[in-house]
Structures are given as C-alpha cells and as structure tokens.
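Protein chains get the first letters and strands the later ones, always in sequence-line order, with residue 1 at the start of each.
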Number of protein chains: 2
Amino acid sequence: MTGGTHDAAGSGAGASSAPEPAGTRAADGTGTAHGTAPGTGGSGFHQMWRDLRAIGRHAGSGGYRRYAWTAADTDCRAWFRQEAAARGLAHEVDRNGNQWAWLGDPAQGDAVVTGSHLDSVPDGGAFDGPLGVVSAFAAVDELRARGARPARPLAVVNFGDEEGARFGLACVGSRLTAGQLTPEQARELRDADGVSLPQAMEAAGHDPDAIGADPERLARVGAFVELHIEQGRALDLGDSPVGVASAIWPHGRWRFDFHGQANHAGTTRLEDRHDPMLTYATTVLAARKKARLAGALATFGKVAVEPNGVNAIASLVRGWLDSRAADEDTLAAVVGAIEQAARERGARDGVDVQVTRESFTPVVEFTHELRDRIACLVSGDAPAPVLPTGAGHDAGILSAAVPTAMLFVRNPTGISHSPAESAAEDDCVAGVTALADVLEGLACR
Amino acid sequence: MTGGTHDAAGSGAGASSAPEPAGTRAADGTGTAHGTAPGTGGSGFHQMWRDLRAIGRHAGSGGYRRYAWTAADTDCRAWFRQEAAARGLAHEVDRNGNQWAWLGDPAQGDAVVTGSHLDSVPDGGAFDGPLGVVSAFAAVDELRARGARPARPLAVVNFGDEEGARFGLACVGSRLTAGQLTPEQARELRDADGVSLPQAMEAAGHDPDAIGADPERLARVGAFVELHIEQGRALDLGDSPVGVASAIWPHGRWRFDFHGQANHAGTTRLEDRHDPMLTYATTVLAARKKARLAGALATFGKVAVEPNGVNAIASLVRGWLDSRAADEDTLAAVVGAIEQAARERGARDGVDVQVTRESFTPVVEFTHELRDRIACLVSGDAPAPVLPTGAGHDAGILSAAVPTAMLFVRNPTGISHSPAESAAEDDCVAGVTALADVLEGLACR
C-alpha cells in the first residue's frame, strides 16, 4: 500500500512501483493503518493484487503488456489456476482458452458466473480486467466468510484475449464461445510479426483445433456478472463507489484515407498543393465538434502518413476514427457529419477522401430484470446508480446468449488504457462487497 | 522518348516505364521525330539519361531510392566515372567523396565548375540532381561541338549525399568540403539502422579518416554554376524554359511536441480529455494560414503519435514543421505565429506544447555580379527570369566560399520529391544550351 490519494494516479506513467489501489480508509468504515488488510475481503484481495502486479509490467512505461498467448499471459493464467486451487475450486480451460474456476457442480446448470479478463492493451493500467477477476475470487472468499450457502453453482472466469492488442480483434475468447467469431475467421488472425492465432495458441500449449462455438457451456450459465473499473468519471461525479451498467453504447471504427500529392515542402506554392494533412486536420477538429454537439464520442488516435518526411508534403494521410454514441442513429449521424466535413474540405484541398468502416458493434442493452435486481442487491445508503458505458466488454458479447450484467467501480480520474489508471482501495473493497452481495442474492436464496 | 506531353507527369507515380523528358520539339526549333536525337546536345543527353534511369528505381513506387553510400549510389558513381572517361576528362574523388571530372589542369586555378548531385530523397523523381550532372556533361559536349576553347579549367562535379535521406543531414559532401560540417559531427551521423556515416563510407570503399574541410580545392574554383530542375511553377507561369536563381530562402525545421494524456477513446468524456491530436490539428491549419498571410511556406509532413492506437486518446503527438520565407524576419514571424496558435489551443486542450528548432539555414543571396552576367549569357528572346527558391542546394553551401550561381529548368507541374516529377525534353535541351552558353562565356573569353 502506497498510502497515496486519488491524485496518486497522476504519477503513474513514470512511477517505478507497481500500481495498487490507493486510499487509507477501509470499506467498512474502520480506519486501517498503512499496509494492513482493510476489512472483510481485503486480505485476500491485497495478496492477489500483489501476486499479479509484477506480471507483464514494462519497466520503462510502467504500463502492462499482457498480450494473448504470450509469456505474460501464461503467467497470468498460472496465477488464476493457483488461486482456484487455493480455494478448492475446480479449474478448467474451455476449448477457446477461457479459464473457469467452479464452486459446485457445473452440470447442475443455471450457474452464476463472474469474472473478467487478465490481458491488457499496450501499456495499459493494472485495473482494466484484473480488478474483475481478483474481485471475483475475493467475493467467493467473502461469501464463505459470511457462511453463505450457494444453491446454484458459482464460477469465476478469465476470458482470453479481451483487448485484442495482439491480433487486432477484441473479445476473441468470448466471441468464439458465443459463436460470434467462427474458427475459420479466428484462424486468419495474425499478429504484427505474422504469427497466426493457431500458432500462438499452440506455442502456449493450447490446442487450436478445438476452438469454436460452445453452446453447451453457455447453456449451463444462468447469469454472468462482470465487475470492471469504470473507464470514465460518471461515478466520480456522484457519491457511489459502485454502479450498475445499463447498456454498452454502439461503437465502431472507420478508416479515413486522405489521398493528396507528394511534393517538395520548400518549393511548392501553397495554391499548387494537394496537402492531405490539411484535410486530416480539419476532419480531426470536425470530429470533436460533431461529437460534442451530439453528446457522443469521436476520436482520432491513430495516424499513418506517407512518405512522412519533414520536407515532403504528404501523399497520403490515413486516420482512424473511433466513435460511439448512446444509440445507433446518433452514431450514424455523427460519423456521417464527420465524413461530410472531410469531403467538403477535401474538395477545397484537392484531396480525395475514402472512408472505410473497419468494425461496428451494435448497442448492447443489458436485460432490465437482472440489472434492476442487481441494483437492489448492491448494498449502500442509496440505490446504486445505473450508467451506460462506451467500452466493449466480454459481458457485451455474452449478453446475446446469457442474462448478463455489469458492475462498475469508481475511477477517480476516469483514466483508463494508461499506466495512470487507478482506483481507491476503499472503492475496490466496496466493489468486492457489492459483488458478494450480488452473488449471494442470486445464488444463495 | 515517350512522346508524352506536360501532362505525362500525372501518371508518373504508378508508371511502369522509367521517366524521360517529355516533348516532341527540339530546343533549336527543328522538328524531330520520336526517338531521334534532338539537336546538338541531345544525343549525349539521351544516352546518359537512359543509362542512368534504371539505377536505384523502385519497381513498386516508380520513385528513386538512391541513398548515400548504398549500392545504388555506387552504381551512380560508376556511371559518373564512365562518362568522365568517355570524354577524356580526368576523374577524381575528393576527400569527402565528391566526384570531379576535369577538362584542363585544375592546378591552373580559377576553374569554372558545374554539376549537382545524383542521390535522391525516398521515392524521389528522376530530375532533382541528375539533370544538373547530365546537363553538365552534355554542355561539355556542346562546347566541343561548337569548337569553343576554354581558357580556364572546367569541371563537372557530383556532390555526395545532397538530400540527406539516409543520415538526416542534407548536403554532407559540400558541407564537409566547405568546412560547415566538422569531421567529428559527420562521424556522429547514423542511419535508421544505426550504421554510422564512417561505417557506410568504408563499406562503399571510401576512406572515412580523410573527411574534412578542403580549402585548397575550393581555392581552385573561380565559379560554381549548378543547373537544377525548378521545384515550383514560377517558370511555368512565364514563357522561359530557363531561369537564374536570385536567392535561396532562409529555411528550417521545428519539432512540435504536443503532450496530452493517454485515455480510453470509448469512455472518456470530452471535457475530461487532454487530447494532443486536437492541438496538433489546430496547429496544422494555423501553419497554412500564417504562411498564406505572409507569402511564406509552412508544412507539416511528418507526424509521430504515441501510443497510436485506434481506441486510445494519444498521449503524445509530435509534428515537424518545415517553414521557409523570403527573409529571416518573415520566417521568424511566421514560425512565432504558428507557435502562438499552438500554445493558445494547447491551453484550451490541457496539452503541453514544446517547440524545438532542429535546423536552420540562413538566407543565401547569390552574388549579383555572377548572377547578372549569367542572366545575360543565357540566350533567348528575352532576358532569363531571375527567381528565388525555397529549396536548399550544394550551391547554397558553396556560395559562402565561392562565387556561385544556379540555373533552373522549367517544371511543368512544379512537382518535385515525387515520382511524378517531370520536365519537357525541349526544356532540358534548352537547359543544356544555356549551361553551355554560360560555360563558354565564363571560361572561353
């Protein structure tokens, strides 16, 4: 424990010590000194956090590089197996490489499953994914400490390759299981070094011939609840450490290719130029404006330029737009308006604009019944707030086949996908308590 | 000869045949059929152009990749040596790797030297550099055909590493010779693979221990005249195929570092972002506007983004500004105004802006005496136009030590540093004639 405050996140990128939940007050309200176990679920939580925190952490950036089927991923999986064994939970790896730790007999059916993922984006934070898995094990501990007796089987799950950092497609483990990605499609995936997903699986000891839809397994799941750090500041703007997801916004990515004409930057008259950087710049600013007006999100975070020389006007600027909105009509309107702005400026610049939709995920509305029940199960002074999210999750994938819900834990800075991602210790413990409440309510009647 | 027109340049980037001067009319006004030698200097010109055109040409882009001290550079140098030998000119390589071909005894002093360079930018055109070397040899042929008898020694020169494409610094050969780059500085230069300039020189058979200032050699040069394709459209907007340089604009490059905060593009509220892409985009558009208002040039052609992920708000955008203007005060004002626009937008975006001047070259005013004399020597119906250029050249480096002038040959599209760069055959031949007139006027009184 660093004894840091909410602001500790600000030093995360260059910090030499691995991130821990920050804060000095336990969830149960009893003050705890630095370094001691805070409250009911805290002891196991902290030990798990400590065991996990060194795996795949890059010394230079301070961020995590836990990519699917790499050595870091193997280490994370070994950690999961050990945590299952330490609790006497039956460990199994499904045909798509997802890990399950069972309390009770899965064959009984109608299981209550919780968990998240352990892989990361490039230089990601410590919480996105692992918080949900660690909290799941800690909630099992909490249930046992309460003496609760589950009437339904319980499982903790670690879905493989959620971030898609290595093979470019998110949620590969859950997509395969839910039949939203075919084995043929999955076998075409390659990483930046040309290694195919089957080759990577085989190198890590997983049989790639086994991958594919797994309806029998999903049929045993009566409810899936994923706890995740919030990746925005909605909870931080309120008073609750824990919230419940209403929906995942529809989202997609669009590639904008701006084709101009390479020329000498030191001699070509401004009026003779076809400079695609100008069209790109205008489009970046238009994306922000259109998103703001529509209450949506639109971001250009990735760019490729040719020839990318200091004294050369670019021949090609390629920019990727990530956009999300509360509903699909709004999203389509925002992207359409951005595209129109790009084309109008392109016509002025003599630059050709091509727009390609590279991926699209429709809106996910979590089932209201489970959502409302969970909002009531989460203990607290007030009802847990219900909020949407713009980020994709395994829960979004599974929601098509299984009643699914999500819990969010407050993120004091809203920062995610960054080494500076953080959460207060109190809030993490509150998340464990809330998750235990939900599991008890769902499984122990 | 392709029999193409001015417009043939437009198909240059993807063309499968190597570029040749386009046009069907010889400079002397006599009509020539396709494929025949056009006029006095034409025969040698075409043969040289054909011999040179395959060297270092990339089949995919159609552009040239003739980088210093590579195999393509070695082939270009072998071509130069052969052309010298074919004319009975004495070939020598100076301590800095520049090639010289002498007609007459260099020890006599007060030599008239002409030439340019054979290396290229990445995927450059056929004319930038080689036109000046080929025209120099062709002008020697023309002088001999006229029966002219030089009273001063003449030399054709190929300056090494003019574009700086490999080691990042332009005009290394002429800078070393003129003492504007020390051997110690040159030995620090490395290419993208970490190969140092001395290692590259040695691998190509040149002794790197010999490099350094060469005042004795420069003291023998009474005048240097560089012929170059124009890299803009000033001549094309008039009636003359050949012009004379007045000055090289002061120019420089500035690195703009925009430091924001990495975050999740799908969850971070717009008002919580510190997105450096927005600041960069505003700066790109400001650069264009400030340059336009001042009659200057400003270009962002190179960008680097971190982490450069589709679903990540950038933590860092780095953009390089190339800016040039007619005088140093204007240039300073333009760059200052761009920097101010960047800082103002950065303050709004919560983005830190750092500006670093990476290089700067003061204005080069070519000596008026030589310039005016050359403008009169260039034959034609009207006096040759005198025009400035924004591009750096070996002539600009040498001008500090030697009376120096430049001739420009009309560029019908203004395109340069691109496979689409082109010149009309008539204009190339007019350039040879003009250069021969200048050499005869200077050396044969």
(request) Using non-hydrogen atoms and a 4.5 Å limit, figure out which bit of B:Leu387 sits close to chain A: side chain, backbone, both or neither. (result) neither
(message) Looking only at heavy atoms and a cut-off of under 4.5 Å, which of B:Arg233, B:Lys302, B:Glu230, B:Arg255 has the most pairs with chain A?
(response) B:Lys302
(request) Against chain A, work out which of B:Gly392, B:Pro307, B:Ala391, B:Ala304 has the most heavy-atom pairs shorter than 4.5 Å and name it. (result) B:Ala391
(request) Name, in order of residue number, those residues of residues 316-327 of chain B that have a heavy atom at a distance of less than 4.5 Å from a heavy atom in chain A; otherwise write 'none'. (result) B:Trp320, B:Asp322, B:Arg324
(request) Write down the atom of B:Ala262, the atom of A:Ser418, and the distance for their closest heavy-atom approach. (result) O-CB, 3.6 Å
(message) Return the OG1 to CG distance between A:Thr268 and B:Leu297, rounded to the nearest 0.5 Å.
(response) 8.0 Å
(message) Please identify, among B:Gly232, B:Ser416, B:Ala314, the residue contributing the most non-hydrogen atom pairs under 4.5 Å to chain A.
(response) B:Ser416
(request) In sequence, state the C-alpha distance, the side-chain angles, and the governing distance for B:Leu237 and A:Arg269, and then conclude on side chain to side chain contact (heavy atoms under 4.5 Å, CB included). (result) CA-CA 12 Å; B:Leu237 298 171; A:Arg269 299 188 314 158; 3.3 Å; yes
(request) Kindly indicate whether the side chain of A:Arg345, heavy atoms from C-beta on, has any atom under 4.5 Å from the side chain of B:Leu285. (result) yes
(request) Measure the shortest side-chain to side-chain distance between A:Thr389 and B:His264 over non-hydrogen atoms and say whether it is less than 4.5 angstrom. (result) no
(request) Give the member of A:Pro122, A:Gly124, A:Gly301, A:Ala296 that has the highest number of heavy-atom pairs under 4.5 Å with chain B. (result) A:Gly301
(message) If you count heavy-atom pairs within less than 4.5 Å of chain A, which of B:Asn411, B:Ile313, B:Asp123, B:Leu270 leads?
(response) B:Leu270
(message) Could you measure the distance from the OG atom of A:Ser61 to the CD atom of B:Glu306? Nearest 0.5 Å is fine.
(response) 10.5 Å
(request) Pick one of side chain, backbone, both or neither for B:Ala170, based on which atoms fall under 4.5 Å of a heavy atom in chain A. (result) neither
(message) Does any part of the side chain of A:Gln261, heavy atoms only, come nearer than 4.5 Å to the side chain of B:Thr413, both counted from C-beta?
(response) no
(request) With rounding to the nearest 0.5 Å, note down the distance linking CG in B:Asn311 to CD in A:Gln231. (result) 9.5 Å
(message) Report which part of A:Val305 has an atom under 4.5 Å of a heavy atom belonging to chain B: side chain, backbone, both, or neither.
(response) side chain
(message) Nearest 0.5 angstrom please: A:Asn263 CG to B:Thr299 OG1, how far?
(response) 9.5 Å
(request) Give, as side chain, backbone, both or neither, the part of B:Ala291 having an atom under 4.5 angstrom from any heavy atom of chain A. (result) both
Residues 275-283 of chain A, side-chain donor-acceptor partners within the protein, below 3.5 Å, at least two apart:
residue  : atom : partner  : partner atom : Å
A:Asp275 : OD1  : A:Met277 : N            : 2.9
A:Thr279 : OG1  : A:Asp349 : OD2          : 2.8
A:Thr282 : OG1  : A:Leu278 : O            : 3.0
A:Thr283 : OG1  : A:Thr279 : O            : 2.7

(request) Flag the pair A:Arg288 / B:Arg273 as yes when at least one side-chain heavy-atom distance between them is below 4.5 Å, and no otherwise. (result) yes
